[in-house]
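Structure first, commentary second.
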Number of protein chains: 2
Amino acid sequence: MDPARPRSRRARGQAGARRPVYDAASLLAVAVAEFNTRGYDATSMEDLSRAAGITKSSFYHHVSGKEDLLRAALERALDGLFAILQERHARSGRPVDRLRYIVRRQVEVLQAELPYVTLLLRVRGNTATERWALERRRSFDATIAELVREAAAAGQVRADVDSAVAARLLSGTVNSIVEWYRPGRPGAGELPEDVVRTVFEGVLPRG
Amino acid sequence: MDPARPRSRRARGQAGARRPVYDAASLLAVAVAEFNTRGYDATSMEDLSRAAGITKSSFYHHVSGKEDLLRAALERALDGLFAILQERHARSGRPVDRLRYIVRRQVEVLQAELPYVTLLLRVRGNTATERWALERRRSFDATIAELVREAAAAGQVRADVDSAVAARLLSGTVNSIVEWYRPGRPGAGELPEDVVRTVFEGVLPRG
DNA sequence: GTCTATAATCAGATAGAC
DNA sequence: GTCTATCTGATTATAGAC
């Protein structure tokens, strides 16, 4: 009927294809979405392959196993977060200004890499991969905590709350966003600035 | 050798017994600790019985199953949280004062019922029990969100951050405490007030 | 690249002896 | 109350046909 039919094979690679041609990256996205819905441990390879629309065996043709999917996802999240610390405004200036910048950027990365960061924040430490990710996370948090300490020593943040506690509350507030933020909602662009305002100035009206 | 030997059976019920005489409540505490360490789905009944020092079969003699353990734990956490909303200072006064009171009490309940609240905050919704808990949690959060809205309408909290966003950040900050707080550390008594100060006034210095 | 079939292991749960 | 032994089903992963 249609002489151009053989081309449809290539066309599947474009958007709008009935069943996408998968590569490692797109299957990772599918897997991470499932991990976040059910939890990593509760998600079987069967669940993943069904979500991709292929059989378990076909799925294994593309990926090497469940834990490698996890590692790739966690790596992407961690790389995004650590890249912030290398940016110019995160490395120079008053501690409190660097802190403000990092918090804003952290919210932005969280929005941009939501599924990957979400997965990262739910890791428990059951496997070597998870413990590796937890350690890198702890290292990131320690950098923030040190910055809060410096800002407190310079009188740039309040002294009546222990700086270690303040740092944990700050990180906790930012991280909690993954529990409810969904992209595409109105007001998403204002979120980083809203978080900075709320964290630094509190919820009470200006005084 | 010792004519009083039979008594040792009763003595095991006291503190310092080598292997405690278990009842449903003490096994629940053991189970919740394991759930929080490894995650609910990654924890097997074998893990639980080993943690209790008995076999899987003996463990089943005391409890009816894994999901019932989960339900009992989640119920305890939820009951603790909802009880706050019935207290006098949570029900009368200016919205912002009620809010402040609830936040302080929420931190206190979180400290007192740490393992149970921790488990509650990690539930994903895979089973009917988990979905039931998630719905009760959402109902609790909705009460807080409504209170923030009222406080905003009365000009008692800042208007330049959306009240729904502010409410989520507030709840997120409080809930994030389970990720790092451990009882018995110095400064634990000051935590509720530190959280109230940080959330309401921010991390910047006064004035 | 996708499939069916299956291996090997581990999970939650129970039976029945002591 | 605790044990050993076992059932049943799900899980990760692989073999080999098309």
Side-chain angles (χ1 to χ4, degrees), chain A residues 6-14 17-28 30-32 34-35 37-73 124 126-130, chain B residues 5-14 17-32 34-35 37-73 124 126-130:
Chain A
R7 281 236 211 119
S8 65
R9 265 193 156 249
R10 294 195 66 199
R12 285 223 205 109
Q14 315 294 340
R18 208 162 279 190
R19 195 160 76 188
V21 171
Y22 287 120
D23 55 14
S26 58
L27 283 180
L28 179 62
V30 170
V32 171
E34 292 295 303
F35 289 158
T37 301
R38 267 173 284 219
Y40 175 74
D41 290 298
T43 304
S44 69
M45 293 298 274
E46 178 76 39
D47 292 329
L48 297 184
S49 60
R50 200 183 308 118
I54 56 180
T55 63
K56 208 163 42 152
S57 298
S58 301
F59 197 86
Y60 269 106
H61 179 78
H62 295 280
V63 307
S64 54
K66 196 178 168 185
E67 194 166 355
D68 271 15
L69 284 166
L70 180 65
R71 181 174 191 103
R124 302 296 321 144
N126 292 326
T127 66
T129 297
E130 297 184 44
Chain B
R5 201 145 188 276
R7 278 238 211 118
S8 65
R9 271 197 149 243
R10 293 196 67 199
R12 285 224 204 109
Q14 316 295 340
R18 207 162 278 192
R19 195 160 76 190
V21 171
Y22 287 120
D23 55 15
S26 58
L27 283 180
L28 179 62
V30 169
V32 171
E34 293 294 302
F35 289 157
T37 301
R38 267 173 284 220
Y40 175 73
D41 289 299
T43 305
S44 69
M45 293 299 274
E46 179 75 41
D47 292 330
L48 297 184
S49 60
R50 200 183 309 116
I54 56 181
T55 62
K56 207 162 47 151
S57 299
S58 301
F59 196 87
Y60 269 106
H61 180 79
H62 296 280
V63 307
S64 54
K66 196 179 169 182
E67 193 166 355
D68 271 16
L69 283 167
L70 180 63
R71 183 176 190 102
R124 300 298 319 146
N126 292 326
T127 65
T129 297
E130 297 183 45

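Chain letters run A, B, ... following the sequence lines, proteins first, then strands; residues in each count from 1.
In terms of phosphate contacts, B/His62 brings a side-chain nitrogen or oxygen within less than 4.0 Å of OP1 or OP2 of D/dT2. For the OP1/OP2 pair of D/dC3 and a distance below 4.0 Å, the side-chain nitrogens and oxygens of B/Ser58 include at least one atom meeting the criterion.
Atom CZ in B/Arg50 sits about 12 Å away from atom P in C/dC10, given to the nearest Å. In this structure, the CD atom of B/Glu46 is 18 Å from the P atom of D/dC7, given to the nearest Å. Protein atom CG of A/Leu69 is 11 Å distant from nucleotide atom P of D/dT12, rounded to whole Å. One can place CG of B/Asp41 at 18 Å from P of C/dC10, the figure rounded to the nearest angstrom. Rounded to whole angstrom, the span from the CG atom of A/Asp47 across to the P atom of D/dT11 amounts to 7 Å.
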Heavy atoms under 4.0 Å is the rule here; annotate nucleotides 13-18 of chain C 5' to 3' with B where the base is hit, S where only the sugar-phosphate is, and - elsewhere. BBB---

A/Leu48 and A/Leu69: CA distance, side-chain angles, deciding distance, side-chain contact (heavy atoms from CB on, under 4.5 Å) verdict: CA-CA 11 Å; A/Leu48 297 184; A/Leu69 284 166; 3.8 Å; yes

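A/Asp47 has a carboxylate O that lies under 4.0 Å from a charged side-chain N of A/Arg50, or vice versa, which qualifies the two as a salt bridge.
Using a 4.0 Å heavy-atom criterion, one finds that B/Ser49 contacts no nucleic acid atom at all.
When distances run from any side-chain atom of A/Ser44 to the nucleotides D/dT2, D/dT12, C/dG1, the shortest one goes to D/dT12.
A distance-only check finds a donor-acceptor pair linking the side chain of A/Asp23 to the backbone of A/Ser26 [under 3.5 Å].
Counting all heavy atoms, side chain and backbone alike, A/Ala42 lies closest to B/Asn126 at CB-ND2, 3.5 Å.
Summarising the geometry, atom OG1 belonging to A/Thr43 is positioned 9.5 Å from atom CZ belonging to B/Arg124; distances are rounded to the nearest 0.5 Å.
B/Tyr40 places a side-chain heavy atom less than 4.5 Å from the side chain of B/Lys66.
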